[in-house]
Trainee: 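This is the structure I have questions about; it appears just below.
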Amino acid sequence: MSNAAVDYRPMWTGLGLNLDAHDALLGVLSKAYGDIFMSQKKRPEGMAYFDFVMSEVHGLRIKELLDGKKEGRKVIGTYCTFVPEELVLAVNGIMVGLCAGADFATDEAEKLLPRNTCSLIKSTFGFKLGKVCPYLEASDLVVGENTCDGKKKAYEVLSPLVSGLYVMDLPQMKGADGRNLLKIEYVKFMRKLEELAGVTVTVKSLKAAIAVVNAKRAAVQRLASLRSADPAPISGLDGLLVNQVFFYDNPERFTASVNKICDELERRIAAGEGVKRAGTTRLLVSGCPMAVPNWKVPYIIEGLNAVIVGEESCVGERGSRGAVDASPVTIDGLIDGIVDRYLKIDCAIFTPNQERIEHIKEIASRSKADGVILYGLNFCSPYLIEAMGIEKDLEKAGIPAIRIETDYSQEDAAQIRTRVEAFIERIRD
Ligand code: BJ8
């Protein structure tokens, strides 16, 4: 997936990538992207921008990061939506999500991690050990976080493998003590960024950064609300792709591109047009994050007579809802606004986490979903355990739900297809 006209190999060599392994990875990704995305019918024209971004995901965007580094900007790689992009932008840094959405070098990863570790964590290691992630290699600081037990312990193992791993502590409960902890951690992280970048955060720089990220979130929220139309104006696969690119792209360019798609979708909706006919079964997908290029389950769902109308996920509404209050006039006040916004993320690592079920119901109702697919990665205790209670709760509320537990392999694709097909039939009966 790179522009054939430009030879990025010297750049990748400079980053220490294993070129043969990287070529093999890009070959597989490129084919998957063509099969999954380019074969869709009635895509919005604005998705051409996202096709371009994906075609250059290891090319032009990496060059932009390296050009930024030459100008003295720092690249901050992250694995969790709890890392505030506002703070990174306030020191003129660039934040990127790190690759964790495909099986790669799993045998190597399993020499360091138990087999019964979730695919997302194994993937993080596989991409590092296989030397195929230019984002990771371009990062000046890699930020881990104290979230689930798997990640927490995996960062101890990852630490000697990457230069500059910084682990942020996160609360697991949302009372006053939890809020205090998050604020302390965000201030510590801001100091770390200031030291790394040699830049002091000012009220002006932080306000400007908040405005950029709020605009980016507002654009994806606008897109999410347009998906409530019937017929759905955009496929779930394309909706997910936008949510995935959210973590990689230049934020201002991303915002403009999403708003452009929204303008187009508004015209589509006014004309009564959509990607599938009105009345197609509408599904909400809820659960573990789907990092690039984890498209397996949405591809299966939309290959059937169904359309995905929302993602209750960190790569989706859980990660992008809300806004930071930009009105305070002190750094402390602005940090409070950041803490308040991020503390609303209802990740399953929190206990209790009742607001997540309310949030799922709210999205299901707004997006006019006919049912909810509770998506969980094998061995992910926080989401798999929550899913059992949520399934019962949703069914009790009259919202059909099904739990799908899977990994990044294709081995269970036929079985998932059969189960989703039966679920759609149950909804339609
Ligand atoms: S805020 S969801 S991005 S931690 S799938 S590694 S939970 S065992 S990813 Fe997450 Fe931040 Fe929460 Fe969001 Fe562990 Fe589960 Fe694996 Fe997971």
Side-chain angles (χ1 to χ4, degrees), residues 77-85 95-103 106 109-110 113-128 142-158 166-174 178 181-182 185-186 189 217 240 243-244 246-248 285-292 294 296-297 311-322 338-339 341-351 353 355-356 359-360 374-388 390 403-409:
T78 65
Y79 292 109
C80 180
T81 48
F82 263 98
V83 183
E85 188 172 10
M95 194 166 108
V96 288
L98 295 173
C99 314
D103 281 337
T106 307
E110 287 180 354
L113 298 167
R115 285 197 67 202
N116 56 353
T117 302
C118 84
S119 293
L120 199 142
I121 296 174
K122 272 196 230 170
S123 171
T124 300
F125 277 70
F127 275 79
K128 175 63 208 173
V142 174
V143 186
E145 14 54 56
N146 192 359
T147 45
C148 66
D149 286 352
K151 275 181 158 185
K152 188 192 307 174
K153 300 314 284 182
Y155 291 129
E156 291 174 10
V157 186
L158 189 66
Y166 176 93
V167 178
M168 184 185 283
D169 197 8
L170 287 184
Q172 316 270 299
M173 295 176 91
K174 291 188 175 175
L181 172 63
L182 191 61
E185 285 297 316
Y186 281 177
F189 181 52
R217 291 203 184 101
L240 173 64
N243 282 312
Q244 290 177 329
F246 182 95
F247 293 93
Y248 297 88
V285 176
S286 161
C288 290
M290 290 178 181
V292 169
N294 178 7
K296 178 171 92 172
V297 170
E311 295 80 30
E312 188 280 319
S313 164
C314 280
V315 184
E317 287 204 39
R318 191 191 313 127
S320 60
R321 71 181 169 144
I338 293 175
V339 171
R341 186 263 154 200
Y342 280 80
L343 202 57
K344 292 202 184 83
I345 299 173
D346 39 15
C347 171
I349 60 143
F350 284 95
T351 184
N353 198 23
E355 66 256 48
R356 181 162 168 243
H359 185 210
I360 294 170
L374 296 162
Y375 166 82
L377 286 174
N378 291 336
F379 314 118
C380 170
S381 304
Y383 281 93
L384 294 180
I385 292 175
E386 275 197 0
M388 299 186 80
I390 292 172
R403 283 180 286 127
I404 302 273
E405 194 179 324
T406 184
D407 56 20
Y408 290 170
S409 77

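Start at 1 and go down the list; that is how both ligands and their atoms are numbered. All values derive from a computational prediction rather than experimental measurement.
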Trainee: Quick test: of every protein heavy atom, which one is nearest to atom 16 (Fe) of ligand 1, and how far off is it to 0.1 Å?
Mentor: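 The answer is Cys118 SG, 2.3 Å.
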
Trainee: Nearest heavy-atom pair of Phe82 and Cys347: which atoms, and what distance?
Mentor: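 Minimum heavy-atom separation between Phe82 and Cys347: CE1-CB, 4.4 Å.
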
Trainee: Hydrogens and angles aside, do Lys152 and Thr147 bring a side-chain donor and acceptor to less than 3.5 Å of each other?
Mentor: no

Trainee: Only heavy atoms of Cys288, strictly under 4.0 Å: list the atoms of ligand 1 that pass.
Mentor: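 Contacts of ligand 1 toward Cys288, numbered from 1: 5 (S).
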
Trainee: Which of the protein's N, O or S atoms come within less than 2.8 Å of atom 12 (Fe) of ligand 1, not counting waters?
Mentor: Cys347 SG

Trainee: Does ligand 1 have any atom sitting under 4.0 Å from a heavy atom of Gly150?
Mentor: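 False for this residue.
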
Trainee: What I'd like to find out is whether the side chain of Phe125 reaches to under 4.5 Å of the side chain of Leu113, using heavy atoms alone.
Mentor: yes

Trainee: Hey, is Lys174 close enough to Asp346 for a salt bridge, meaning N to O under 4.0 Å?
Mentor: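 Looking at Asp346 together with Lys174, the answer is no, because their closest N to O distance does not fall below 4.0 Å.
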
Trainee: Can you list the residues that meet the salt bridge (Lys or Arg N to Asp or Glu O under 4.0 Å) rule with Glu185, with sequence neighbours excluded?
Mentor: Lys188

Trainee: In terms of side-chain geometry, is the basic nitrogen of Glu311 or Arg318 positioned less than 4.0 Å from the acidic oxygen of its partner?
Mentor: no

Trainee: Give me the nearest non-hydrogen protein atom to atom 2 (S) of ligand 1 as residue plus atom name, then the distance to 0.1 Å.
Mentor: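 Checking every protein heavy atom, the shortest distance to atom 2 (S) of ligand 1 gives Tyr383 OH, 3.1 Å.
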
Trainee: Please determine, by modelled atom types, if Tyr375 and Glu405 share a side-chain donor-acceptor pair under 3.5 angstrom.
Mentor: no

Trainee: Considering only the protein, which heavy-atom contact is closest to atom 10 (Fe) of ligand 1, and what is its distance?
Mentor: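 It is Lys151 NZ, 3.8 Å.
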
Trainee: At what distance is the nearest protein heavy atom to atom 15 (Fe) of ligand 1, and which residue and atom is it?
Mentor: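 Atom 15 (Fe) of ligand 1 sits closest to the protein heavy atom Cys380 SG, 2.3 Å.
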
Trainee: Could you give the distance from NZ (Lys151) to CD (Glu156), rounded to the nearest 0.5 Å?
Mentor: 15.0 Å

Trainee: What atoms of ligand 1 come within less than 4.0 Å of a heavy atom belonging to Ile121?
Mentor: 6 (S)

Trainee: Are the side chains of Leu374 and Ile404 in contact, using a 4.5 Å heavy-atom criterion?
Mentor: no

